[in-house]
Amino acid sequence: MNNWKRYKLGELIKINEKSIGNSFQYDTIEYIDTSSVTENVFDLPQILNLKDAPSRAKRIVKSNDTIISTVRPNLKHIGFLKNPKPNTIVSTGFAVLTPISINPQFLYFYLYQENITKYLSAIAETSTSTYPSFTSNLFETLDIEIPDLPTQTRIANFLSQFDDKVELNRQMNKNLEELAELKFRTLLKDKDKWRKGKLGELGEIVCGKTPSTAIKEYFGGDIPFIKIPDMHGNAFIIKSETTLTKLGSDTQKNKLLPPNSICVSCIATVGLVSLTTTYSQTNQQINSIIPYENEYRFYLYFLLKSMKPFLLNLGSGGTATYNINTGQFKNIDISIPNKEELIKFHNYTNNIFEKILFNMKQNEPLANYRDSILPKLISGAIEI
């Protein structure tokens with residue numbers, strides 16, 4: 001470690017370098033909010049007219065920037081930007097870190113480390129704000145010990161191999177899901193012939209709930225406890241940040257979801273849709289559907305994804321925070337195809353989603369290995 005030196009991070013980067021001003025030349029922006037990025041997985045940006053954009057849509061970004069949320073850092077709303085469009089704008093809830101004298105991807109991996117997340121979270125918890133948060137200038141004073149640039153590059157390139165494979169699988173899954181969605185849109189052409197009904201006719205609606213956090217024995221088991229960050233960018237939920245023990249789950253047995261339930265985010269971040277893969281529970285921000293028939297599953301999945309604008313409107317209710325309650329959710333008006341059409345669509349889509357799930361399960365060991373070796377490489381405990 002002779003080539004490792006200690007710095008203040010502020011010596012190596014610029015923070016929040018550019019914001020929208022009078023010289024900004026675009027009338028339309030592609031907007032990234034903090035909830036749209038989790039562990040380098042990006043949701044599609046919102047396309048907004050600049051004049052209608054929220055006041056927090058201010059930060060200008062460019063390729064090789066790292067963006068990291070200054071609110072609730074434990075949620076890991078962090079991402080590395082590759083070739084964003086010139087009108088891409090991110091929320092002021094992000095700190096935008098532009099590398100000057102540090103390898104860009106090494107910077108991202110350094111800040112992605114669990115010990116950095118814990119450090120930022122500990123500081124955020126001391127804030128007097130409504131939510132745990134810290135100010136962007138914290139990064140200026142962050143002490144880091146790093147190797148020379150060639151070593152940084154070797155480490156970043158090695159770790160990027162895992163991210164590239166994970167990203168390739170994600171892209172394959174995106175293409176597969178688009179193929180299934182195309183079939184769904186074809187199915188919709190016969191919509192006028194279908195019967196009208198309510199969402200609750202196709203499955204049992206379950207609103208999640210959080211067991212008492214004061215009882216530590218309720219948490220840390222094998223039962224996924226799904227929250228909105230677990231859903232971002234995931235057709236299937238194969239892991240969750242928080243888990244329940246059987247003891248915790250049994251305190252609210254009526255909230256237990258079987259595999260193949262459809263989870264829909266209905267508070268704050270509205271309109272995310274994911275499928276469970278094992279017995280799970282969710283928090284109260286999520287309404288879920290347990291389909292009465294297997295062939296309803298993928299029809300409901302795509303139907304609810306297609307209804308995001310409607311769900312946002314339903315949840316607005318004139319308040320600052322979106323909120324769709326269980327009663328509203330189960331009484332949503334829908335069109336219901338006949339059984340034969342549903343079975344055909346299910347059989348076609350099921351084959352595609354089996355491939356998607358296989359790819360997601362391949363990503364797990366890749367990501368786990370990367371996360372286990374990352375701090376050892378970043379600290380110099382092992383060399384490439």
Side-chain angles (χ1 to χ4, degrees), residues 32-44 68-69 71-79 112 114 117-118 121 131-132 163 166-167 169-170 173-174 177 206-211 213 218-245 248-249 252 255-290 297 300-301 304-305 308 311 322-324 329 353 356-368 370-371:
I32 300 173
D33 202 351
T34 51
S35 63
S36 303
V37 186
T38 304
E39 296 187 7
N40 211 30
V41 178
F42 288 74
D43 292 343
L44 289 174
I68 182 168
S69 175
V71 179
R72 289 177 170 159
N74 63 303
L75 299 180
K76 299 202 83 163
H77 294 313
I78 178 173
Y112 181 83
E114 189 60 29
T117 300
K118 288 179 179 177
S121 296
Y131 304 110
D163 277 13
V166 167
E167 184 55 37
N169 283 338
R170 283 195 189 121
N173 282 352
K174 181 174 179 289
E177 188 166 336
V206 177
C207 179
K209 184 181 177 184
T210 303
T213 55
Y218 288 173
F219 297 88
D222 298 324
I223 300 168
F225 185 66
I226 300 163
K227 302 176 186 176
I228 287 176
D230 301 315
M231 299 175 65
H232 281 281
N234 293 320
F236 290 98
I237 299 164
I238 58 177
K239 68 170 186 175
S240 62
E241 182 183 354
T242 304
T243 56
L244 301 180
T245 59
S249 176
Q252 43 187 44
K255 303 298 183 183
L256 191 64
L257 305 172
N260 300 320
S261 300
I262 301 118
C263 301
V264 185
S265 60
C266 287
I267 295 179
T269 303
V270 169
L272 298 177
V273 184
S274 299
L275 296 154
T276 61
T277 55
T278 187
Y279 280 94
S280 312
Q281 292 197 19
T282 79
N283 72 0
Q284 53 274 17
Q285 291 185 301
I286 298 167
N287 283 313
S288 301
I289 309 173
I290 305 171
R297 189 192 341 158
L300 284 169
Y301 175 84
L304 287 160
K305 285 197 76 170
K308 183 171 182 176
L311 294 174
Y322 293 107
N323 190 340
I324 302 172
F329 190 69
F353 272 72
I356 290 174
L357 183 56
F358 176 80
N359 287 339
M360 288 187 69
K361 287 182 174 178
Q362 271 199 323
N363 280 354
E364 275 300 286
L366 288 167
N368 289 340
R370 177 205 60 205
D371 291 349

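Positions are given from 1, in the same order as the sequence printed here.
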Does K305 form a side chain to side chain contact (heavy atoms under 4.5 Å, CB included) with E177? I'd like the steps, not just the answer.
CA-CA 12 Å; K305 285 197 76 170; E177 188 166 336; 2.7 Å; yes
What do the steps show when you test Y218 against Q252 for side chain to side chain donor-acceptor pair (under 3.5 Å), and what is the final call?
CA-CA 11 Å; Y218 288 173; Q252 43 187 44; over 6 Å; no
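Of the possible donor and acceptor atoms, none in the side chain of N173 sits under 3.5 Å from a partner among the backbone N and O of N359. Although no hydrogens or angles enter the test, the distance criterion places a donor-acceptor pair under 3.5 Å between the side chain of T243 and the main chain of G221. Listed for the Q281 side chain is a donor-acceptor partner under 3.5 Å among the backbone atoms of S249. A donor-acceptor pair under 3.5 Å links the side-chain atoms of T276 to the main chain of P258, judged by distance alone.
P259 is listed as a side-chain neighbour of Y279, based on a closest heavy-atom distance under 4.5 Å. Here the side chains of T277 and K361 are not in contact, with every heavy-atom distance at 4.5 Å or above. Side-chain atoms of I289 and F329, non-hydrogen and from C-beta on, do get closer than 4.5 Å to each other. Inter-residue side-chain proximity for F225 and T210 is flagged as met; some heavy-atom pair is nearer than 4.5 Å.
Partner of L272 under the side-chain contact (heavy atoms from CB on, under 4.5 Å) criterion, out of C266, C263, S35, S265: S265 alone.
Atom OG1 of residue T269 and atom NE2 of residue H232 lie 5.0 Å apart, to the nearest 0.5 angstrom. A distance of 15.5 Å separates NZ in K239 from OG1 in T278, rounded to the nearest 0.5 Å. If you take CD1 on I267 and SG on C207, they are separated by 6.5 Å, rounding to the nearest 0.5 Å. Atom OG1 in T34 sits 9.0 Å away from atom CG in L75 (nearest 0.5 Å). In this structure, N363 CG and D163 CG are separated by 10.0 Å, a value rounded to the nearest 0.5 Å.
Surrounding CG of D222 are at most 12 heavy atoms belonging to other residues, nucleotides or ligands under 6.0 Å away. No more than 12 heavy atoms of other residues, nucleotides or ligands lie within 6.0 Å of NZ in K227, so this atom counts as exposed by the packing criterion.
Every ring-ring contact (aromatic ring centres under 6.0 Å, His included) that Y112 has, sequence neighbours left out, goes to Y108.
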